[in-house]
Number of protein chains: 2
Amino acid sequence: MIRIVLADDEDLIRGALAALLELEDDIEVVGQASNGRAAVDLVRAHRPDLAVLDLEMPGWDGLDAARRLHTESEIPVVIVTRHARPGVLKRALAGGVRGFVPKTTPASRLAEILRDVHAGKRYVDPEIAASALSATSCPLTERELELLRYAQDGGTVNTIAERAHLASGTVRNYLSSAMTKLGVDTRHEAARKAWEEGWI
Amino acid sequence: MIRIVLADDEDLIRGALAALLELEDDIEVVGQASNGRAAVDLVRAHRPDLAVLDLEMPGWDGLDAARRLHTESEIPVVIVTRHARPGVLKRALAGGVRGFVPKTTPASRLAEILRDVHAGKRYVDPEIAASALSATSCPLTERELELLRYAQDGGTVNTIAERAHLASGTVRNYLSSAMTKLGVDTRHEAARKAWEEGWI
DNA sequence: GGCCGGTCGTGACATCTGTCATGGCCCGCT
DNA sequence: AGCGGGCCATGACAGATGTCACGACCGGCC
């Protein structure tokens with residue numbers, strides 16, 4: 001029997017995934033959480049064989065929780081995600097994640113994947129693996145990434161400068177540098193591109 | 001027995017929802033689709049009692065399919081969505097949708113809701129209903145909305161003008177008008193705000 | 001008919017933005 | 001010590017952007 005802790009912030013989806021997994025004779029969902037922190041607590045309490053974590057969650061996301069679990073226990077973690085971005089896959093593997101499955105995976109395959117991971121194997125969606133391998137590694141600097149994060153929600157340079165505690169000229173320089181590296185013409189396109197690659 | 005056609009573009013989620021619904025003795029999923037058009041075809045073929053459609057799907061989305069189904073048959077439609085935006089709820093109700101449930105709804109409630117809708121009732125998530133009622137109705141003009149849609153992916157004014165077959169000055173005027181109405185300073189903030197309200 | 005509102009465009013203006021050159025500071029590497 | 005690279009800032013410039021005023025056309029409404 002494979003005992004699982006399941007985390008997803010959307011109750012409906014989490015419940016549905018639990019129902020899907022409970023159909024399997026050898027799988028048991030022993031705990032459900034709606035954020036990464038609660039998931040870590042549940043793992044400590046229940047000592048399951050596997051943790052299945054949604055990537056996008058408020059507060060601690062799936063990756064935060066996975067890293068925490070990797071350092072404090074040997075529980076294998078499978079990340080489930082809607083947006084399969086290459087950079088995120090790399091960070092997940094670096095964080096000790098054992099399985100990476102996008103939500104486009106057929107439902108019938110999930111149980112097999114969990115069994116494989118439980119048996120010590122690793123699973124990475126082949127599509128994302130390919131794009132992660134062919135993807136160029138992030139050419140951006142830490143500050144550039146930070147400012148791109150701020151640039152994501154469409155504010156002005158002054159807004160960004162204020163939030164980052166920097167001079168507006170400095171902000172423009174960093175963003176300009178990022179735009180050049182990414183080959184785009186506006187900071188918004190740069191932010192979008194960096195997000196799609198999974199860098200921010 | 002309530003016979004259901006289920007549509008969601010994410011295989012894993014669709015399969016999980018099917019598993020959840022199949023747990024109920026009085027519910028049967030007779031067909032699954034990954035886009036709105038396929039869902040309509042399935043409804044024509046199977047004549048189910050209910051259609052459960054995810055809102056966000058490529059090609060025909062859940063709302064497109066719901067409108068189509070409303071005009072050609074009397075099948076009640078329940079929309080499931082991740083982003084519960086007030087404007088979308090209004091459009092959904094106008095399109096004859098009988099149920100509107102966000103993915104934050106507890107999984108245990110879904111079956112009840114479907115039974116209620118099948119019995120002729122309507123269901124709208126109370127949270128979204130409240131924000132839809134308190135929301136100001138869209139003050140934007142058709143062209144303003146169109147240009148905001150183009151503005152969503154961060155291109156320059158010239159890009160937008162080209163796509164809309166308009167002079168760039170005209171584009172700036174419309175977007176300026178929209179920004180004033182929405183009380184923001186950049187077209188990107190305006191596009192974001194309009195999206196959050198469900199207007200685009 | 002007059003009036004209003006939406007649509008499309010032009011011109012002008014102030015400001016914002018992206019680019020470039022330049023400099024200083026600190027850290028790590030050779 | 002010299003060099004490179006990231007970090008922070010300034011100044012200057014061209015072009016993009018947002019605002020405003022204005023005009024034209026069309027359709028609906030009173």
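As the structure is a computational prediction, the values presented were derived from the model and not from experiment. The chains referred to below are lettered A, B, ... by the order of the sequence lines, with proteins before strands, and numbering in each begins at 1.
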Using residues 140-149 of chain B as the side-chain source, report each donor-acceptor pair under 3.5 Å to any protein atom, sequence neighbours left out, with the distance given to one decimal.
from     : atom 1 : to       : atom 2 : distance (Å)
B:Glu144 : OE1    : B:Thr141 : N      : 2.8
B:Glu144 : OE1    : B:Lys181 : NZ     : 3.0
B:Glu144 : OE2    : B:Ser177 : OG     : 2.6
B:Glu144 : OE2    : B:Lys181 : NZ     : 3.2

Item to check | Rounded distance in Å - CD (B:Glu142) to P (C:dC8) | outcome: 11 Å

Show which side-chain atoms of residues 190-200 of chain A pair as donor or acceptor with protein atoms under 3.5 Å away, not counting sequence neighbours.
from     : atom 1 : to       : atom 2 : distance (Å)
A:Arg192 : NH2    : B:Gln152 : O      : 3.3
A:Lys193 : NZ     : A:Leu182 : O      : 3.4

Item to check | Joint hydrophobic cluster, A:Leu55 plus A:Leu93, side-chain heavy atoms closer than 4.5 Å | outcome: yes

Checklist outcome for this item: Tracing side-chain contacts under 4.5 Å among Ile, Leu, Val, Met, Phe, Trp and Tyr outward from B:Leu23 reaches A:Leu23

Checklist entry - Are more than 12 heavy atoms from other residues, nucleotides or ligands located less than 6.0 Å from atom CZ of A:Arg122? => result no

Checklist entry - Is the shortest side-chain N to carboxylate O distance from A:Asp41 to A:Arg68 below 4.0 Å? => result no

Checklist entry - Quick one: A:Glu144 CD to C:dG18 C1', roughly how many Å, whole number? => result 14 Å

Checklist entry - Taking B:Ser73 for the side chain and B:Leu69 for the main chain, is one N or O donor matched with an acceptor at less than 3.5 Å? => result yes

Item to check | More than 12 heavy atoms from other groups under 6.0 Å of CD on A:Glu28 | outcome: yes

Item to check | Nucleic acid contacts of residues 184-200 of chain B, taken as heavy-atom distances under 4.0 Å to DNA chain C | outcome: none

Item to check | Carboxylate-amine/guanidinium contact B:Lys103 B:Asp8, below 4.0 Å | outcome: yes

Checklist outcome for this item: Its 5'-most and 3'-most nucleotides having an atom under 4.0 Å from a non-hydrogen atom of chain A, DNA chain D is contacted over D:dG6 to D:dT10

Checklist entry - Is B:Arg163 salt-bridged to B:Asp153, cutoff N-O under 4.0 Å? => result yes

Next on the checklist: Under 4.0 Å, heavy atom to any atom of DNA chain C: which of residues 156-182 of chain A qualify?
Outcome noted: A:Thr156, A:Val157, A:Arg172, A:Asn173, A:Ser176, A:Met179

